[in-house]
Amino acid sequence: MSKAQSARPVRRPEYWLILGSLAFVAVCFYGIRAAAVMGLASVTAMVTDFICLFLRGRSYKLVDLSNVGHALVLALMYPATIPYSIVILSTMFGTVIGAHIFGYRRDLLFPPSAVGYLFAVCCWKNEVLQFPEIGKRLALFGNQVAMSDSLSAQFNEKGSIQYLHTELLEALIGAVPGSMGTSCIIMLVLGIVILIIRRQLKPFALFGFSLCIFLPVMAGNAGISILLTNMLLFSAIYFIGDSSLLPCSGVFAYLAAACTGLLTGYLITAFHLEYAPLVAVILTCPLWRWFAGLEVKYRKKFAAELELTEEEEALVNEVTGRV
């Protein structure tokens, strides 16, 4: 991995700002129950991380709070009614498997939040994929409310969204059945713009991912509806374009994300998976590493042909990483 890549920041204030904004929207819609789910996930991640580091003979540092970010991302993909036991178990699983066994901090092979979510879906599908009425003020315990499928499930089955014709504003602000933090389109689009300007997302990766999703999905005349469903914008921010997860840059990032986008579109159209981006990310993450290896070889070959000094090579790495 190049110097420019290894020196990239893991988390900046902008990341936490967008994440906090989505959490605030979730609390506005669902009340104290949403805050409790996110708080429990964060505490569980910190405790699990501390124990794992202790067992590995390492000390807990401030930078280890990155796992709190992964826990919040995981919690925002759940319904507000998710049982606390599932929150604890899935957060522990994602932290241990995703953040310790398969890499740590900047060398993650799989996103811990995606690992934890897919574990929860496999074990407790009904609890994870059934959602309460939007705006329902939930109590901390003992909620007995009517549940329904998400807007994504409705779109995948019918190929269209009624909200686009009747209640577009509600769809844009996230006032539709779905996960706590993945449905507010306005906030997600704003987050993408801010993070790209602040160089916290890789625009080439986002372009490759979005373009290749539209190719198979547009064949079914889905239109712009696809942007409102299936956690696509949320995944673009916290999985596809995240500099701490995608190890390559430039054209290589475009190719890596394009492979993920093609697989995502296929899973949506063929299997109607509303969590298709997460499955695609897990399956293509090893491919991301392969593209990263090609990028390193390309840069070394380019530097060798020009007979650059170490300082000049570092400058080339920095410039080509922005392409």
Side-chain angles (χ1 to χ4, degrees), residues 22-23 25-26 29-30 33-34 36-38 40-41 70-94 98 111-136 138 143-163 170-171 174-185 188 213 217 222 225-236 238-239 263-283:
L22 294 173
V25 172
F29 280 145
Y30 299 104
R33 172 80 186 194
V37 170
M38 291 182 286
L40 181 60
H70 295 307
L72 286 174
V73 170
L74 173 60
L76 287 171
M77 293 189 290
Y78 284 146
T81 53
I82 189 77
Y84 294 134
S85 57
I86 297 178
V87 176
I88 295 173
L89 292 174
S90 61
T91 304
M92 291 176 61
F93 187 88
S113 47
V115 172
Y117 184 88
L118 294 180
F119 168 73
V121 168
C122 291
C123 297
W124 305 281
K125 186 175 182 178
N126 289 335
E127 288 79 359
V128 175
L129 299 181
Q130 289 292 302
F131 304 90
E133 178 184 352
I134 190 69
K136 188 74 173 180
L138 303 172
N143 290 287
Q144 298 294 330
V145 296
M147 307 291 282
S148 64
D149 293 331
S150 69
L151 185 66
S152 298
Q154 299 172 22
F155 165 75
N156 294 341
E157 291 292 337
K158 300 178 181 179
S160 62
I161 301 177
Q162 62 178 355
Y163 290 97
E170 284 78 0
V176 295
S179 305
M180 291 191 294
T182 65
S183 303
C184 187
I185 305 303
L188 291 171
I213 284 175
V217 176
S225 306
I226 189 65
L227 289 177
L228 305 177
T229 58
N230 298 296
M231 303 184 184
L232 292 183
L233 292 179
F234 187 84
S235 298
Y238 294 107
F239 299 112
L263 182 56
T264 300
Y266 172 73
L267 292 173
I268 293 174
T269 55
F271 299 99
H272 297 168
L273 291 182
E274 54 193 287
Y275 49 91
L278 306 186
V279 177
V281 165
I282 293 295
L283 293 179

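The first residue in the sequence is number 1, and the count goes up from there.
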4.5 Å side-chain heavy-atom contact, Leu151 and Phe131: no
Evaluate the side-chain proximity of Val73 to Phe239: yes if any heavy-atom separation is below 4.5 Å, no if none is. yes
Considering all heavy atoms of both residues, which atom of Leu138 and which atom of Pro132 are nearest to each other, and what is their separation? CD1-CG, 4.4 Å
Residue pair Tyr238 / Leu76, side-chain heavy-atom distance below 4.5 Å: no
Please identify each residue that fulfils side chain to side chain contact (heavy atoms under 4.5 Å, CB included) with Ile134, with sequence neighbours left out. Phe29, Tyr30, Ala175
Distance check, rounded to the nearest 0.5 Å: Trp124 atom CH2 versus Ile82 atom CD1? 8.5 Å
Are any of the side-chain heavy atoms of Ile88 and Met92 separated by less than 4.5 Å? yes
When you compare the side chain of Tyr84 with that of Arg33, does any pair of heavy atoms fall below 4.5 Å? yes
How would you list, by chain and number, every residue that makes a side chain to side chain contact (heavy atoms under 4.5 Å, CB included) with Ala71, sequence neighbours excluded? Ala41, Ala45, Thr91
I need the minimum non-hydrogen distance between Ser148 and Pro177, along with the two atoms involved. OG-CB, 4.0 Å
How close do Leu74 and Gly116 get, counting heavy atoms only, and between which atoms? CD1-C, 3.9 Å
Partner residues of Ser150 under the side-chain hydrogen bond (donor to acceptor under 3.5 Å, both in side chains) criterion, sequence neighbours left out: Glu274
Side-chain heavy-atom pair Leu129, Pro79 within 4.5 angstrom cut-off: no
Taken in chain and number order and not counting sequence neighbours, the residues that satisfy side-chain hydrogen bond (donor to acceptor under 3.5 Å, both in side chains) with Ser90 are Tyr78
Working to the nearest 0.5 Å, report the span between OG1 of Thr264 and CG of Asn230. 9.5 Å
Interatomic distance, Leu278 atom CG to Leu273 atom CG [nearest 0.5 angstrom]: 10.0 Å
Mind checking ring-ring contact (aromatic ring centres under 6.0 Å, His included) for Phe93 and listing every partner two or more places apart, or none if nothing turns up? Phe119
Any residue meeting side chain to side chain contact (heavy atoms under 4.5 Å, CB included) with Gln130, in chain and number order, not counting sequence neighbours: Met147, Asp149
Does some side-chain heavy atom of Leu263 sit less than 4.5 Å from a side-chain heavy atom of Val279? no
Within the 4.5 Å heavy-atom criterion, are Val281 and Pro111 side-chain neighbours or not? yes
Residues forming a side chain to side chain contact (heavy atoms under 4.5 Å, CB included) with Thr182, sequence neighbours excluded: Met77, Ser179, Met231, Phe234
